[in-house]
There are 2 protein chains.
Amino acid sequence: MLTTEQILNSAEDVLRRYGPKKTTVVDIARDLNVSHGTVYRHFKSKSDLHAAITKRWLERVTAPLADIANSELVPAVRLRKWFETLMDIKVKKAIDDPEMFASYSILAQGLPEQVVYEHLEVLIEQIEHILVEGKQSEVFAVDDCAQMAQTLFFATTRYHHPLHVKEWGSATIKEEFNHLFALIEKAIHKQ
Amino acid sequence: MLTTEQILNSAEDVLRRYGPKKTTVVDIARDLNVSHGTVYRHFKSKSDLHAAITKRWLERVTAPLADIANSELVPAVRLRKWFETLMDIKVKKAIDDPEMFASYSILAQGLPEQVVYEHLEVLIEQIEHILVEGKQSEVFAVDDCAQMAQTLFFATTRYHHPLHVKEWGSATIKEEFNHLFALIEKAIHKQ
DNA sequence: CGAATGACAAAATATGATATTTGTCATTTG
DNA sequence: CAAATGACAAATATCATATTTTGTCATTCG
């Protein structure tokens with residue numbers, strides 16, 4: 001019996017082989033030895049399938065971040081580590097496997113805003129969690145942690161948004177990020 | 001006798017009429033009542049022409065910013081006004097004349113990095129100028145003004161980079177920016 | 001002689017006829 | 001009867017060919 005997971009696995013394989021433009025529902029069905037009609041019993045449309053593929057990818061990519069957000073590190077260190085990891089993950093994916101990174105970026109482009117936005121919300125909540133703990137232990141002077149989390153996420157857009165992947169090749173990108181993070185620390189650390 | 005300026009004027013007109021994909025060098029030449037060979041006496045290639053068109057547009061768009069950077073406003077106010085204006089100009093252009101904005105964005109995409117980068121440098125220097133004066137009058141506590149200017153420019157990427165034009169439609173975009181600017185102020189204002 | 005032309009080849013792009021892909025659903029299968 | 005099939009129409013993509021566009025340059029123009 002065919003599961004949604006199996007379809008996503010095959011989809012990922014086929015995507016890796018053929019790229020996002022050439023991959024058809026029939027290709028994915030063939031890979032699974034079923035008719036393409038069967039795939040449509042699990043996904044309303046190809047876009048729906050794309051959304052599911054992208055969602056799973058986003059979740060995997062950012063899995064390590066949840067661990068950091070919930071770690072025992074002191075909030076100041078944890079916050080920096082969280083952002084550095086976010087950046088490192090993205091840059092690593094983009095450099096190591098550029099076709100796949102491009103593939104997922106292209107799929108994500110074609111998605112309804114909401115799918116990606118929900119994912120961003122999860123990340124922003126993780127930042128919020130760190131800020132709240134920093135506020136409790138009186139190292140961060142933050143009024144509205146949820147709002148600040150969003151502000152920090154958007155302030156670092158250049159360093160994690162796939163639209164800026166081109167700029168990540170720069171030799172100074174990491175240094176740039178360090179300067180920005182220093183600014184952030186100055187703004188949110190107590191006194 | 002045909003001038004480079006005249007060509008750019010016609011190019012802009014034709015671009016407005018036909019859009020960036022349909023505009024040909026022959027169209028521009030026709031608009032000027034010259035042969036297209038003549039256009040090539042002023043520009044080495046079509047890309048070169050694109051670069052010139054884009055450059056002029058960028059300069060025009062950001063002209064008001066130089067005035068603000070050099071104004072007599074106290075640095076704290078001036079800095080905020082400078083960023084607000086940058087944002088307002090971009091958003092206004094993108095909303096009022098979306099086809100043209102898209103046109104120039106498309107042309108800019110196809111350009112060598114350098115052309116756009118030079119323009120960004122000018123803007124970052126304007127920020128630096130404000131920071132230097134703020135430092136002199138002891139309202140800003142900034143170590144390296146040039147570096148901080150760059151940091152501020154990149155921190156606000158989401159609010160002025162054309163790649164993010166889609167996000168500018170959000171009802172809360174201005175509020176978001178205000179939060180970010182509050183963060184910046186907290187970081188750079190003395191004490 | 002500097003500025004512009006227009007004929008030309010090479011490159012890029014539009015066109016449209018053909019083939020594939022998407023999405024549905026009545027039918028089949030286990 | 002739930003799960004899968006495969007035949008089908010409509011929407012898209014592909015590909016070979018026709019047309020346009022780019023870029024050059026020997027020639028003309030003023």
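Each chain gets a letter, A, B and so on, in the order its sequence line appears, and its residues count up from 1.
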Can you give each donor-acceptor pair under 3.5 Å made by side-chain atoms of residues 182-191 of chain B, sequence neighbours left out, with the distance rounded to 0.1 Å?
| residue | atom | partner | partner atom | Å |
| --- | --- | --- | --- | --- |
| B:K186 | NZ | A:A141 | O | 3.4 |

ask   = Is the gap between the ring centers of A:H50 and A:F43 under 6.0 Å?
value = no

request  = Start with the C-alpha gap between A:T151 and B:H179, add the side-chain angles, then the distance that decides, and say whether side chain to side chain donor-acceptor pair (under 3.5 Å) holds.
outcome  = CA-CA 7 Å; A:T151 301; B:H179 292 313; 5.2 Å; no

request  = For side chain to side chain donor-acceptor pair (under 3.5 Å), just list the numbers for B:N9 and B:R56, CA-CA rounded to whole Å, side-chain angles, deciding distance to a tenth of an Å, and then say yes or no.
outcome  = CA-CA 10 Å; B:N9 290 338; B:R56 200 171 71 152; 2.9 Å; yes

remark   = Per-nucleotide protein contact along nucleotides 3-26 of chain C, 5' to 3', at a 4.0 Å heavy-atom cut-off (B base, S sugar-phosphate only, - neither), is BBBBB-------------SBBB--

ask   = Between the main-chain N or O of A:Y159 and the side-chain N or O of A:T156, is there a donor-acceptor pair closer than 3.5 Å?
value = no

